Amino acid sequence: MLKILTILSIVSATITSITIICTLLTTYQFMFVGQMFNSYVPIQIMLTITMITWGIKFILCEKGWKRVVYPLIFLSTAAGSIFFLMNSVQ
């Protein structure tokens, strides 16, 4: 279970990095990657998924203060991203 979660968190972070690059290339018109990258919504969605997976990973894998502080930071970042995503999609 922990190995799958570790792989999933690394894969989601990699996909998020690719999404950020594609969005910036399309938004600033260096290169047209695709229509879906014309806004920051893909970044917000992938950021939310990545922060949730990393938060769960730190809850299950870490010990001590890292088990509390890091998931709190990651999950609050995910909640903030969901909040702004809901307000921008309206």
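Owing to the predicted nature of the structure, the values given are computational and were not obtained by experimental measurement. Residue indices begin at 1 and follow the sequence shown. Note that these values count all heavy atoms, side chains included, but never hydrogens, waters or copies made by symmetry.
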Please name the pair of heavy atoms, one in T6 and one in S9, separated by the smallest distance, quoted to 0.1 Å. O-OG, 2.8 Å
Please enumerate all residues that pass ring pair (Phe, Tyr, Trp, His ring centres under 6.0 Å) together with F58, with sequence neighbours excluded. Y70, F74
S81 side-chain N/O to T77 backbone N/O, donor-acceptor pair under 3.5 Å: no
Just do the side chain to side chain contact (heavy atoms under 4.5 Å, CB included) check on T53 and K57 with the steps written out, would you? CA-CA 6 Å; T53 56; K57 180 181 177 235; over 6 Å; no
If you apply the rule side chain to side chain contact (heavy atoms under 4.5 Å, CB included), what do you find for M46 with I15, and how did you get there? CA-CA 8 Å; M46 289 308 303; I15 293 172; 3.3 Å; yes
List, by chain and then residue number, the residues other than M1 in its hydrophobic cluster (Ile/Leu/Val/Met/Phe/Trp/Tyr, side-chain heavy atoms under 4.5 Å); write none if there are no others. none
State which residue, out of L85, T23, T16, fulfils the side chain to side chain contact (heavy atoms under 4.5 Å, CB included) condition with I43. T23
Minimal heavy-atom distance between M51 and A78, with the atoms involved, is CB-CB, 3.8 Å
Side-chain hydrophobic cluster, 4.5 Å single linkage: members besides I4: none
Check whether any side-chain heavy atom of N38 lies under 4.5 Å from a side-chain heavy atom of T27, and answer yes or no. no
How far apart are the closest heavy atoms of L25 and V33, and which atoms are they? CB-CG2, 4.2 Å
Is the backbone N or O of S12 less than 3.5 Å from a side-chain atom of T50, with the two atoms forming a donor-acceptor pair by type? yes
